[in-house]
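Please read the structure below before turning to the comments.
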Amino acid sequence: MTIIEIPAGWPADETAARAVQAELCGRLVRDEEGPEVGEGQVTGLDVAYDDEHDLVAAAAVVLDARTLEVVEEATAVGRVSFPYVPGLLAFREIPTVLAALDGLTTDPGLLVCDGYGIAHPRRFGLASHLGVLTGRPSIGVAKNPFTFTYEQPGPARGDFAPLLAAGEEVGRALRTRAGVKPVFVSVGHRVSLANACAHTLHLAPRYRIPETTRHADSLCRRALKEARGDA
DNA sequence: GCGACAG
DNA sequence: ATCTTGTCGC
């Protein structure tokens with residue numbers, strides 16, 4: 001398997017990365033509702049790491065938005081392009097994720113990321129970054145509240161509570177399964193918060209985590225194992 | 001100044 | 001993210 005190159009000019013330190021965020025942040029579109037739930041296609045994205053061998057594997061899995069059946073899969077393997085720094089996760093994941101997206105032949109539709117969109121210290125997390133770079137609608141569905149605060153949502157599936165940053169609603173803690181810890185949904189690019197939550201509920205009919213992310217997670221782990229077998 | 005912190 | 005088997009429970 002080919003190992004993708006880290007793009008020329010990729011930020012080398014935190015100062016450079018923050019400058020890139022500040023510039024791209026100006027291209028974020030927040031006044032669109034986004035795709036209809038259950039129509040077209042939706043694509044789950046995820047990444048797995050092997051710091052030992054300096055490898056990153058990304059997966060993009062396209063689902064039919066109505067049936068949630070897998071339409072197409074693509075993977076890419078690259079080198080670690082940035083250390084993990086809270087607030088700069090995108091710089092660690094994006095080169096390989098973009099390569100995986102490039103491998104698709106069908107329309108990705110809505111991008112569903114494993115992490116945050118505008119619920120971010122500078123309102124420009126992974127999902128927003130990926131949305132702006134691709135021009136596509138995107139949302140972030142995270143498993144942890146990061147630095148944000150929230151009240152426990154009601155116990156039923158679909159119950160939610162605002163995710164707050166200094167009193168501002170930057171996302172929602174959304175219950176996808178009765179009595180189970182909520183997921184944390186935020187807008188990425190070209191999607192409203194209410195629509196992002198509606199998509200998340202539709203994509204998680206049975207388990208806490210959306211089917212998009214579940215598929216992408218297992219696929220990128222498999223891709224990583226194959227990659228370490230080669231090199 | 002110190003700790004916490006998506007994946 | 002990752003290190004990691006079986007096991008308790010619906």
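The analysis underlying the following values was restricted to heavy atoms, covering all of them including side chains, and did not include hydrogens, waters or symmetry mates.
Taking atom CD1 of residue A:Ile209 and atom P of nucleotide B:dG7, one finds them 9 Å apart after rounding to whole Å. Atoms CG (A:Leu89) and C1' (C:dA1) sit 9 Å apart, rounded to a whole Å. Summarising the geometry, the separation between CZ on A:Arg122 and P on B:dC5 is reported as 17 Å, rounded to the nearest angstrom. With rounding to whole Å, A:Tyr49 atom OH is found 13 Å from B:dA6 atom P. Spacing between atom CG of A:Asp217 and atom C1' of B:dG7 amounts to 11 Å, rounded to whole angstrom units. Atom CG in A:Leu88 sits about 13 Å away from atom P in B:dA6, given to the nearest Å. For the pair A:Phe184 CZ and B:dG7 C1', the interatomic distance rounds to 15 Å; values are reported in whole Å. Atom CG in A:Asp114 sits about 7 Å away from atom C1' in B:dG7, given to the nearest Å.
The residue A:Gly140 sits apart from the nucleic acid: no heavy atom pair falls under 4.0 Å. If you check every strand for non-hydrogen atoms under 4.0 Å, A:Ala48 touches sugar and phosphate atoms only. Heavy atoms of A:Leu45 sit nowhere under 4.0 angstrom from any nucleic acid atom. Residue contacts for A:Phe146: at a heavy-atom cut-off of 4.0 Å it reaches a base atom on one of the strands shown.
Ring orientation note: the planes of A:Phe148 and A:Tyr116 are nearly perpendicular, at an angle over 60° on the 30°/60° scale.
Once the 5.5 Å centre distance and the 30° plane angle are applied, the aromatic ring of A:Tyr84 is found stacked with the base of B:dG7.
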* Could you go through the side-chain contact (heavy atoms from CB on, under 4.5 Å) check for A:Leu45 and A:Leu101 one step at a time? => CA-CA 9 Å; A:Leu45 303 165; A:Leu101 277 171; 3.9 Å; yes

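In this structure, the ring of A:Tyr150 has its center less than 6.0 angstrom from the ring center of A:Phe184.
Distances were taken from every side-chain heavy atom of A:Asp46 (C-beta onward) to each of B:dG7, C:dT2, B:dA6; the shortest belongs to B:dG7. Distances from the side chain of A:Thr147 to the nucleotides B:dA6, B:dC5, B:dG7 place B:dC5 closest. When the nucleotides B:dG7, C:dA1, B:dC5 are ranked by their closest atom to the side chain of A:Arg221, C:dA1 comes out on top.
The side chain of A:Asn144 contributes no N or O atom lying less than 4.0 Å from OP1 or OP2 of B:dC5. Close to B:dA6, at under 4.0 Å from its OP1 or OP2, lies no side-chain N or O of A:Lys143.
Considering A:Asp107, A:Leu104, A:Thr43 as possible partners of A:Glu72, the one that fulfils the side chain to side chain contact (heavy atoms under 4.5 Å, CB included) test is A:Leu104.
Heavy atoms only, all atoms of each residue included: A:Gln21 and A:Gly87 are closest at NE2-O, 2.9 Å.
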